[in-house]
2 protein chains.
Amino acid sequence: MMKQATIKDIAQLVGVSASTVSRALKGSPEISEETIKIVQETAKRLNYFPNKAALSLLHFKTRTIGVIVPNLGYSFFSTALEGIEEEASKRGYTVIASQSLESEEKEIRNVIDMKRSGVDGVLISLAQYSSQLNHLLELQSQMPIVLFDRVSDNIHCSKIFVNNTAGAFSAVEHLIKIGCKRIAYMAGPKNLLISNRRKDGYSMSLYRNKMKVDEKLIVHCEFSHTSAMRAALKLLKSKDRPDGIFAISDRVAIGAMAAAKKLNLRIPEDVAIIGFNDEPIAALVSPSLSSVRQPAKVIGQMAAKLLIDQIEADKVFTPVIKSYMTRLSIRESTKRK
Amino acid sequence: MMKQATIKDIAQLVGVSASTVSRALKGSPEISEETIKIVQETAKRLNYFPNKAALSLLHFKTRTIGVIVPNLGYSFFSTALEGIEEEASKRGYTVIASQSLESEEKEIRNVIDMKRSGVDGVLISLAQYSSQLNHLLELQSQMPIVLFDRVSDNIHCSKIFVNNTAGAFSAVEHLIKIGCKRIAYMAGPKNLLISNRRKDGYSMSLYRNKMKVDEKLIVHCEFSHTSAMRAALKLLKSKDRPDGIFAISDRVAIGAMAAAKKLNLRIPEDVAIIGFNDEPIAALVSPSLSSVRQPAKVIGQMAAKLLIDQIEADKVFTPVIKSYMTRLSIRESTKRK
DNA sequence: ATTATTCGTGCAAACGTTTGCGTAAATTGA
DNA sequence: TCAATTTACGCAAACGTTTGCACGAATAAT
């Protein structure tokens, strides 16, 4: 188990002091060309790189950021994490990621762990029922935070997400265009912001097409297959059943597909279905699922960029709200002849 | 932005020296009961916890472990990560995770990042084509590493995985039991150990049932939908097409399902299909996919445990190889009347 | 009353790095 | 030749924590 080389090792080898090595490594002008050359060569030979802990101690910064997401198994989040890591790495930051598994309790524990790890800031996408946001407000009093995707209006900070309203609008417009007359919205938890934004887009589209919003066609469920399927079954069994469903996520949409099949309804002829996120799974189910695509990686990159900008800003930082456009991925589940 | 309280702050408030505070916080017997009490109260009041960087500097340990997996979007890996984080957190360790995205080049960069972050050890599951393992051997000369799931015979370290041979064996036995006469194996890259172990199980089952192994029925593909579908199409178009397919992963199995549908073959009547990993997606596709289930979370926990044990061992640590049993999840894709 | 023991606490060094300041030697200018 | 300047480097402190050692005071033993 080889010990890492330190500045002192180089100093001893070259025969100068540690401070000279430190300066030479950054090519300081007050060090002679010759010394710089030999120090840098020795450093490379010893495979030297600075000890993170020592730097942290000196600068009160760890150059580490935390990420808390509901579940990395959702490809939206693992792809966003990819973007986050890319941006962080580019700027010399390390990322520590953790999953709340949609539990607020676990999210709180994650926040505590992040504090103890001494991160410089945290990127968060909220768990589905996170409503008591005290843990985040408290965290925010100690370090910058940035919310992405699953954000909240009750926290004043930078936020990155897609234009959920517009995304939902385009999905519902698409359903109407292929001939749907009664369109349902399978929403998420009632207090979840993205769920309500998408509901706005849903309503706007109906309104624009002079269709009225029927509250019975708006059902709430959790982000799980069984919860979605149960809700969809109830919806599709009602006498005035919908002939189109816009679901808050692909997994919920797939729950709806399962319900439709159970009731022997044809997709998309009897009921067309469209989801949100455009996860790989959407292309793999049968019939393949239309969906609203989010630029997950870009969202991750931008979220990380804003967080790091804020960490490195010396003056007061004004929160930035940034939203991206979505794109429809049309597949079999909404392809009518 | 509140600064974190330090031992010095407590010392000043209580009116003792920093060393006394340090000892009092751990309830050292050489400090008076009274001092201990007031110090601990003050610490709690100030929300004190020790500065990680300072401890790292002192002990040459960061209490951080790294994790490198092919893709966190595979639920096997995100679930394993869950287990890893649980065990790490229990033992006071922080986890930094990164994805190789199945690219050896990225895996190498990840390894370098890990070294720079100063982790105490690394957990790795290999990218699909990782063959040049120099980066791992070099890493191993500096810190303990543990491989899990996608392991290699060419590295001498602790390894955790499922009994791939037995898992494959049971899957093929199942196919035979439901009446399959010609069973294909859709394998992964040729040098991937888990792929070959599963091939062993496949062959063993055929042998036990007095069926001969036909090399034409063993095809190699990548872990992507298109690669799998292409391979399956070729397989299913051949005149002697198989009536059963055992695939190295669920995604590959789903590629095979797509190919079968394209050729208007019924699943499971014309061709029965079984995958590996039992990802959530297996239950969601239609027909639902039978699969070999791995205890992902337990594997993650055990891998983390072994790594941390090794990090904390003062003497030479003998590598531990541990394998877990799999369980069949039987679904529609192998349910014949 | 004197010495030995125990108890409670503080001092200082160490970990690796940076940086303001000081200083010897080399160079310049007259 | 001597003063003024420049060049090239070293010293020491600081960041937060732990820990071996020392030390004063109180207590116990003689």
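Every chain is numbered from 1 and lettered A, B, ... according to where its sequence line falls, protein lines coming before strand lines.
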Show the nearest heavy-atom pair for residues [X] and [Y], with the distance to one decimal.
| X | Y | value |
| --- | --- | --- |
| B:A303 | B:V146 | O-CG1, 4.1 Å |
| B:V119 | B:I65 | CG1-C, 4.1 Å |
| B:A18 | B:A11 | N-CB, 3.9 Å |
| B:K52 | A:R116 | CG-O, 3.6 Å |

Side-chain donor/acceptor of [X] to base of [N], under 3.5 Å:
| X | N | answer |
| --- | --- | --- |
| A:T6 | C:dC15 | no |
| A:T35 | D:dC9 | no |
| A:R23 | D:dG10 | yes |

Among the candidates D:dG10, C:dG16, D:dC15, find the nucleotide nearest to the side-chain atoms of A:F60. D:dC15
Nearest listed nucleotide, side chain of A:E30, among C:dA14, D:dC9, C:dC11: D:dC9
Taking A:D113 first and then A:R109, would you say they form a salt bridge - that is, a charged N and a carboxylate O separated by under 4.0 Å?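 Salt bridge between A:D113 and A:R109, a charged N being under 4.0 Å from a carboxylate O: no.
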Side-chain ion pair, B:E312 and B:R91, N-O less than 4.0 Å: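 So B:E312 pairs with B:R91 through a salt bridge.
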In whole Å, I'd like the distance from the [atom1] atom of [X] to the [atom2] atom of [N].
| X | N | atom1 | atom2 | value |
| --- | --- | --- | --- | --- |
| A:H59 | D:dC15 | NE2 | C1' | 10 Å |
| B:R63 | D:dG16 | CZ | P | 21 Å |
| B:I31 | D:dT19 | CD1 | P | 13 Å |
| A:L58 | D:dT17 | CG | C1' | 15 Å |
| B:I36 | C:dG8 | CD1 | C1' | 11 Å |
| B:K26 | C:dG8 | NZ | P | 18 Å |
| A:E33 | D:dT7 | CD | C1' | 13 Å |

For DNA chain C, which residues of residues 50-57 of chain B approach it to below 4.0 angstrom with any heavy atom?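 Only B:L57 qualify.
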Give me the residues of residues 7-16 of chain A where at least one heavy atom lies under 4.0 Å from an atom of DNA chain C, by number, or none. A:I7, A:K8
Distance alone, cut at 3.5 Å: any donor-acceptor contact between the side chains of A:T94 and A:T64?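 Judged by distance alone, the side chains do not pair up.
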Residue closer to the 5' end of DNA chain D, A:T20 versus B:L25 (nearest nucleotide): A:T20
Side-chain atoms of residues 80-87 of chain A: list all donor-acceptor pairs with protein atoms under 3.5 Å, sequence neighbours left out, distances to 0.1 Å.
{"residue": "A:E86", "atom": "OE1", "partner": "A:K297", "partner atom": "NZ", "Å": "3.1"}
{"residue": "A:E86", "atom": "OE2", "partner": "A:Q301", "partner atom": "NE2", "Å": "3.0"}

Geometric class of the B:F148/B:F76 ring pair [parallel <30°, tilted 30-60°, perpendicular >60°]: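 B:F76 vs B:F148 ring planes: tilted.
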Side chain to side chain contact (heavy atoms under 4.5 Å, CB included) evaluation trace for A:L133 with A:L126: CA-CA 10 Å; A:L133 299 174; A:L126 297 174; 4.3 Å; yes
Does a side-chain N or O of A:S32 approach OP1 or OP2 of D:dC9 to a distance below 4.0 Å, or not? yes
Would you say A:S19 reaches C:dT18's phosphate, i.e. side-chain N/O to OP1/OP2 under 4.0 Å? no
Quick one: on DNA chain C, does A:A18 or B:S17 contact a more 5' nucleotide (nearest heavy atom)? B:S17
Base, sugar-phosphate or nothing for A:K61? Non-hydrogen atoms, less than 4.0 Å. nothing
